Protein chains: 2
Amino acid sequence: MQDVARAVGVSPMTVSRAFRNDASVSDKTREAVRQAAEAMGYVFDSTASTLRSQRTGFVAVTIPSINNANFAETVRGLSEALKPQGLQILLGTTDYDIQNEEELIEQLLRRRPEAIVVTGGKHTERARRLLENAAIPVIETWDLPERPLGHVVGFSNAAAVGMTVDHLVAHGATRIAFIGGDADRDTRGTDRRLGFIAAMQRHGLDATRLIAAGAPPISMREGARAMARLLETLPDTQAVICVSDLSAFGALSECQRRGVAVPGQIAIAGFGDYEIAGTCVPALTTVNPFPHEIGRKAAEVIAAALASPGLPPQRAAISPGLIARDSTG
Amino acid sequence: MQDVARAVGVSPMTVSRAFRNDASVSDKTREAVRQAAEAMGYVFDSTASTLRSQRTGFVAVTIPSINNANFAETVRGLSEALKPQGLQILLGTTDYDIQNEEELIEQLLRRRPEAIVVTGGKHTERARRLLENAAIPVIETWDLPERPLGHVVGFSNAAAVGMTVDHLVAHGATRIAFIGGDADRDTRGTDRRLGFIAAMQRHGLDATRLIAAGAPPISMREGARAMARLLETLPDTQAVICVSDLSAFGALSECQRRGVAVPGQIAIAGFGDYEIAGTCVPALTTVNPFPHEIGRKAAEVIAAALASPGLPPQRAAISPGLIARDSTG
DNA sequence: TCAGTCGACGGGAACGATAACATCAGCCCC
DNA sequence: GGGGCTGATGTTATCGTTCCCGTCGACTGA
């Protein structure tokens, strides 16, 4: 910056101002600075700017996996809405593990983000402390935690699966199964299973047809294997709800391989409204949790919280939408 | 850090050393520092460390879209292999546009990454200049550029599609079509189309059955629409290669809706070995570009380049593997 | 004409760590 | 016993910006 200043014949302070568009610099000077910088190959150094101004321009985001269209959509929504505010996403993945999440959160906080968005509402005690001490807006997403850390933009995974159960029951199904992961690692998956059980009991139906398909997140392949197990052990099942569209599609593919008619012999529903759910034959009944909307709203909350630091914790509840398609008749 | 130092009764320098595991500090002191920091809720500030040490611990990565399982896998491979080296990924998306890429690269370079990984080998002139001036290792991936900027970890998209053409021709197909995006925006998609044309000509076959399915990246839905168009305009087509497995699955689903037998009436091949290709019925013939491997190797190159600054540009060619499945007989 | 205002720009200190060098006690070994 | 070495710690200056305050000339309006 010194060098650029010398080249233009101004002070470093003026160069600094020229690079930020807000400060009072004449257009002529600004243009001269830009050109000199471009010619010299100078690239502004945010690390120094960050230290002095105490503004990093980062928003930290944790998601379970980058290889998941739903979370990717949330990140995209966030990113799009944060960009005009001059904020950039610093992304990390937890691999569906709250221990990893704790470590990741610490890593991210060292970078001094201006806000942090986490997926889910279940964290280790130390992670909670870290987030509380960070003195920045915290947004929990994809869940409606009972004991929120700060702001919340999410929905009830249990209630969303309840909608699917209601839909199947309305179509006359009574022997309904649930395919999900087997551990408590994926808390959203667990919530969906619990939501299934609660809804079945509410209808006075048997809620014990639970197929555990391995360590979450369960893939198409695991969904297929789980369906094979279901067809063999509980062949009179009329409908099955899968923890995600991916496993639901795997289940559907297994039926196709075995010549089991869907929905004729067994109805299948998924979760997430992945693109595949609308494309495959028969198209899958699913629930749209509006992942992009979650990201967009989280960005709005961040903007509001940064604008007025005393803002009380916001709670934006998203209403997932049931999408009834051919796979459930 | 001052406060922690006071609490423990040492100098800030000792605290600094205690936080980095390499320096010579007694175990007792280190432990005392950790505990004091934990108790006081102190979180290490990388921004300051970064400025003085000129080490950010960032590796910048640009990908076209976060919502793509192939690129996500590359990022995962990178991330896993960089973590043990104490490097963290700073991710940005270009939305398949080299103008966006230019802007993104500038944004990322301001953060002073220690290396940068870009997807593809086509960039604006200014982006090339920025990368060359940055004086850090540059790794181009998912391509084998003729005029590389630095290191390369990739494969020839054209040759990969050539393998698929060879496979179909070996199975007796002569009237083969290609479904892809319509613009030059997605350079890898364009390379695949050109590779298709070249391979067809090499076999002395008609290479004009090209279906343009809209602005890249083309989705399942667009693949389905393109297949509808293909079946209507060129009904004697024996096989079709799609620019990705997603569009290939869309094409397959359209055949299923129309009762067109796959592979009996028309064979379908995709690209990318997405999970869906191995799950759907019939399973899709595809090409595995080993995206995770690309990420892993890129991380290796980064490690080598950071260890020995004079390292000549590396060129790691990945050999994509054809996976023949039921969809091509 | 002159006080007041405003826009454009400069000087010096500071953000919170760490590189580089200095110090110092304890130990080893001839 | 003293020189040399090693491990643990302290001191000073510094990374490249920006905050804070100040200066200076031009313009305005009575």
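Not measured: the values here are computed from a predicted model. Worth knowing before you read on, the calculation uses all heavy atoms, side chains too, and leaves out hydrogens, waters and symmetry mates. Within every chain, numbering begins at 1; the chains are lettered A, B, ... in the order of the sequence lines, protein sequences first and strands thereafter.
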So does B:S49 get a side-chain nitrogen or oxygen closer than 4.0 Å to the phosphate oxygens (OP1/OP2) of C:dA17? no
D:dT9 OP1/OP2 closer than 4.0 Å to side-chain N/O of B:T29: yes
C:dA17 phosphate, OP1 or OP2, under 4.0 Å from B:Y42 side-chain N/O: yes
Side chain of A:D45 (C-beta onward), nearest among C:dC15, D:dT17, C:dC9: D:dT17
How close do B:N68 and B:N70 get, counting heavy atoms only, and between which atoms? OD1-N, 2.8 Å
What is the separation between atom CZ on A:R6 and atom P on C:dC9, rounded to the nearest whole Å? 19 Å
Interatomic distance, A:F19 CZ vs D:dG16 C1' [rounded to whole Å]: 13 Å
Can you tell me how far C1' of D:dA8 sits from CE of B:M13, to the nearest Å? 12 Å
Tightest non-hydrogen contact, residues A:T124 and A:I98, listed as CG2-O, 3.4 Å
When rounded to whole Å, the CE to P distance for the pair A:M1 and D:dC15 reads 15 Å
OP1 or OP2 of C:dG16 under 4.0 Å from side-chain N/O of A:Q54: yes
Rounding to an integer number of Å, can you tell me how far B:R30 CZ sits from D:dT9 P? 10 Å
Could you state the atom-to-atom distance from CZ of B:F44 to P of C:dG16 in whole Å? 13 Å
Counting heavy atoms not belonging to B:E293, are there more than 12 under 6.0 Å from its CD? yes
Residue from B:E140, B:K297, B:R296, B:R315 passing side chain to side chain contact (heavy atoms under 4.5 Å, CB included) with B:V153: B:K297
Rounding to a whole Å, what distance do you find between A:Q2:CD and D:dG16:C1'? 9 Å
Determine whether a donor-acceptor pair (one donor, one acceptor, N or O, separation below 3.5 Å) exists between the side chain of B:R17 and the base of D:dG10. yes
Is there a side-chain contact between B:R111 and A:T50 (heavy atoms, below 4.5 Å)? yes
Phosphate contact (C:dA19 OP1 or OP2) by B:R20 side-chain N/O below 4.0 Å: yes
Check whether any side-chain nitrogen or oxygen of A:S26 sits under 4.0 Å from OP1 or OP2 of C:dC9, and answer yes or no. yes
Length of the line joining B:R52:CZ and D:dT14:C1', which is rounded to integer Å: 5 Å
